[in-house]
Amino acid sequence: MKRTDLWDDIRQTKETIENALNNFDQVTDPILIDYYSYTLKAAGIRYQFLLKQAKRLELLTPE
């Protein structure tokens, strides 16, 4: 995986988390609450994975 690709994935995943949090705070429909809960959980797991990859590859800062 290219260094820039990894940082792009990290940035996109962080945006997904932020968007899901914002939307979660706005919805009242139980189906949408579930959807954003699952989205947050999945994106959080992906974010942790990507950060571990960056650490493993010793990528401390984006290029």
> Can you tell which of L51, I45, L50 makes a side-chain contact (heavy atoms from CB on, under 4.5 Å) with T13?
Replying inline: L50
> Checking side-chain contact (heavy atoms from CB on, under 4.5 Å) against T16, which of T39, L40, L21 comes through?
Replying inline: T39
Enter the distance from [X]:[atom1] to [Y]:[atom2] here, rounded to the nearest 0.5 Å.
| X | Y | atom1 | atom2 | value |
| --- | --- | --- | --- | --- |
| Y36 | I31 | OH | CD1 | 12.5 Å |
| Q53 | R46 | CD | CZ | 10.5 Å |
| R56 | F49 | CZ | CZ | 8.0 Å |
| D5 | Q12 | CG | CD | 9.5 Å |

> I10 versus L6: any side-chain heavy-atom pair under 4.5 Å?
Replying inline: yes
> Under 4.5 Å between any side-chain heavy atoms of L32 and Q26, yes or no?
Replying inline: no
> Hey, quick one: are Y35 and Y38 part of the same hydrophobic cluster, counting side-chain heavy atoms closer than 4.5 Å, chains of contacts allowed?
Replying inline: no
